[in-house]
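Proteins get letters first, then strands, A, B, ... in listed order; numbering begins at 1 in each. This one's a predicted model, so the numbers in the text were calculated from it and none came from an experiment.
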Amino acid sequence: MSATYYFAIVGTNDSPLYEAEFGIQRDENKYLNQFIVHAALDLVDDAQFTNNACFLKTVDRYNDWNVSAYVTPSNIRLMLLFESKADEVVRAFFMECHELYLKTLMNPFYEPNTPIQSLAFDSKVHALAKKHLLL
Amino acid sequence: MSLSSSSSAQVQSLLRLDTRASKRSNTLLEQSVARPRRDKVSLSAFAFIFGEIIRYSQNRVLGIQDLESKLNDLGKRVGVRVFELTMWREKTVHRESRVLQTLVFINTVVWRALFDKQADSLERSTESEDEYMITDNEPAVLKYISVPKEMSSFSPGAFISGIVEAIAECCLCPARVTSHVVPADGLPLRTVILLKFDKEVMEREKRLEAGK
């Protein structure tokens, strides 16, 4: 029962701002994760205009992976690749990541749509993942 | 050779300073995002810094259009952050993606968050379908900026129009936003923010309306 998750923050021009992997990793999946998330972005775009909520639940399925998306008000996509997890748990994780992103954005030296390189952000996201996803 | 080694030593010392600073950078991610109790900034302090911003930009541009676009860029940087923060502090975090709802949101919530009042009117232009106008009878930001007669076509409301342009872009309705000073009786500073939405936005609106 190895639960692995892949989390990505995608900017408005579809380039990744932050990527992280949680849980036990199997080496051959690294590039596949990026492909799956990138393909799911189209489905997120479709759902964006009809749904006013931030949390779009599972937008795509690939074999046994689910892709879940959360769109922030300024059109930044938070994507999570997971095998099976309750909606509520994923929603709570996304909301806390949104808050972290908001605080990063408040930094006047952070240019929006550029990669997030702060080590503190990285450690906080991993702590959140441990708290919500890897129980 | 000696020159390059001394510069690399400088770079090394700068890098060491950088890592020292990053040990304290946790504090940004630990600050609270809720509305603080004292969330008002003194107008005189803001007018002071805004006047200085305009003077600083004036020294670096050649012409009124450049000055307006520089202020517009500054407004854009503010707009993204203000919008995200205001949305987070709303009762339910949601997104806007339709033109009319975005405009109403800017008119009420954003204006209240920035200037403590609602914008005075929201109108749709009768000549072209894709133009909307937000009017502010006395923008606090411009109260202490005086424009000389030879630059009468310059509107310092370009800063506000930058904020609105960033918000429109976040809500997936990109627009060209400009600001014009339209004095009316008793209101010499009355500013009109004109939004001209892109063609794709209007087409998408028509499709969504028809789809309903």
Should we count CZ of Phe48(B) as having more than 12 external heavy atoms under 6.0 Å? no
Taking atom CD1 of Ile49(B) as the centre, report whether more than 12 heavy atoms of other residues, nucleotides or ligands fall under 6.0 Å from it. no
Less than 4.5 Å to any heavy atom of chain B: does that hold for the side chain of Phe55(A), its backbone, both, or neither? neither
Heavy-atom pair count under 4.5 Å with chain B, highest-scoring of Pro108(A), Ala53(A), Pro73(A): Pro73(A)
Nearest heavy-atom contact between His98(A) and Val93(B) is CE1-CG1, 4.1 Å
Per-residue tally against chain B (heavy atom, under 4.5 Å) across Val71(A), Thr12(A), Leu100(A), Asn51(A) peaks at Val71(A)
Within 6.0 angstrom of Gln65(B) CD, more than 12 heavy atoms from elsewhere: no
Between Arg95(B) and Asn75(A) (side chain of the first, backbone of the second, donor and acceptor by atom type, cut-off under 3.5 Å), is there such a pair? no
Mark yes when over 12 heavy atoms from residues, nucleotides or ligands other than Tyr62(A) sit less than 6.0 Å from its OH; otherwise mark no. no
Should we say atom CD of Gln118(B) is surrounded by more than 12 heavy atoms from elsewhere, each under 6.0 Å from it? yes
Chain A heavy atoms under 4.5 Å from Ile167(B): which part of the residue, side chain, backbone, both or neither? neither
Got more than 12 heavy atoms from elsewhere within 6.0 Å of CZ, Arg89(B)? yes
Scored by heavy-atom pairs under 4.5 Å with chain A, the best of Glu96(B), Arg204(B), Glu169(B) is Arg204(B)
Closest contact, heavy atoms only, Leu105(A) versus Arg81(B): O-NE, 2.7 Å
Check the surroundings of atom NZ in Lys117(B): do more than 12 heavy atoms from other residues, nucleotides or ligands lie under 6.0 Å from it? yes
Look only at the side chain of Arg77(B) and the backbone of Pro112(A), and say whether a donor-acceptor pair between them is shorter than 3.5 Å. no
Just checking, is any N or O donor in the side chain of Ser97(B) or Gln48(A) under 3.5 Å from an acceptor N or O on the other one? no
